[in-house]
Amino acid sequence: MADPVSWLQIQQGWNVVTSDGTSIGAVAQTEGDKQADIFDGLAVKSGDPVQIRYVPGEQVGLIYPGEVTLKITAAEAVSLAPFEAAPPETAWDP
């Protein structure tokens, strides 16, 4: 397996795998402040019908090219909260 990479390299569509080896979906979006290098978590898309769940950053384990591992099991992942996008921020220039 390749060496782990930074959260900044995570891309949409990467596989998300629980600590017990179960694939629970794909990365829909990353949440955080890239300029300050602060990782908040992931939106993970899975299922039919499609559900998007939020994985807090503290539940994310090692990140490899194409795959994000979690510190939780598949049974624990079932109880993840639905993802809610943050409201857009407006920056006013003087």
Side-chain angles (χ1 to χ4, degrees):
M1 184 159 264
D3 290 332
V5 296
S6 163
W7 75 273
L8 296 167
Q9 295 178 318
I10 297 173
Q11 296 179 18
Q12 286 184 341
W14 282 18
N15 193 33
V16 179
V17 180
T18 60
S19 62
D20 54 358
T22 303
S23 175
I24 62 162
V27 173
Q29 157 177 337
T30 57
E31 290 291 309
D33 183 340
K34 291 183 179 188
Q35 284 72 32
D37 194 15
I38 298 172
F39 177 56
D40 290 328
L42 297 173
V44 178
K45 180 170 58 172
S46 64
D48 186 24
V50 173
Q51 295 181 342
I52 300 179
R53 301 280 181 190
Y54 180 69
V55 179
E58 49 276 353
Q59 298 300 333
V60 174
L62 294 175
I63 302 164
Y64 298 98
E67 182 176 280
V68 178
T69 61
L70 303 182
K71 297 178 183 177
I72 58 174
T73 65
E76 294 169 317
V78 172
S79 64
L80 290 170
F83 174 72
E84 294 181 26
E89 292 183 20
T90 303
W92 300 99
D93 292 331

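Excluded from the calculations below are hydrogen atoms, water molecules and symmetry mates; all remaining heavy atoms, backbone and side chain alike, are included.
Connection of I24 to Y64 is not established within any shared hydrophobic cluster, with ILVMFWY side chains joined at heavy-atom distances below 4.5 Å, either directly or through further cluster members.
For residues 11-61, the pairs satisfying ring pair (Phe, Tyr, Trp, His ring centres under 6.0 Å) are W7-F39, with sequence neighbours left out.
Here the CD atom belonging to Q59 is positioned 12.0 Å from the OG1 atom belonging to T18, to the nearest 0.5 angstrom.
Counting all heavy atoms, side chain and backbone alike, P56 lies closest to L80 at CD-CD2, 4.3 Å. Closest non-hydrogen pair, D3 versus P65, comes out as O-CD, 3.7 Å.
For E76, the side-chain contact (heavy atoms from CB on, under 4.5 Å) test picks out I72, T73, with sequence neighbours left out. Under the rule for a side-chain contact (heavy atoms from CB on, under 4.5 Å), the partners of A36 that lie at least two apart in sequence or sit in another chain are D33, I38. T30 pairs by the side chain to side chain donor-acceptor pair (under 3.5 Å) definition with nothing, not counting sequence neighbours. A search for side-chain contact (heavy atoms from CB on, under 4.5 Å) contacts involving A43 returns A28, Q29, I52, F83, not counting sequence neighbours. Under the side chain to side chain donor-acceptor pair (under 3.5 Å) criterion, Q12 pairs with no residue at all, not counting sequence neighbours. S23 meets the side-chain contact (heavy atoms from CB on, under 4.5 Å) test with N15; sequence neighbours excluded.
Residue V16 forms a side chain to side chain contact (heavy atoms under 4.5 Å, CB included) with just one option from T69, I10, V60, L70, and that option is L70.
Using a 4.5 Å cut-off on side-chain heavy atoms (C-beta onward), Q9 and I63 make no contact. The shortest side-chain heavy-atom distance between V68 and V17 does not fall under the 4.5 Å cut-off. Proximity of E31 to L42: side-chain heavy atoms (C-beta onward) are nowhere separated by under 4.5 Å. No side-chain heavy atom of Q51 sits under 4.5 Å from any side-chain heavy atom of P82.
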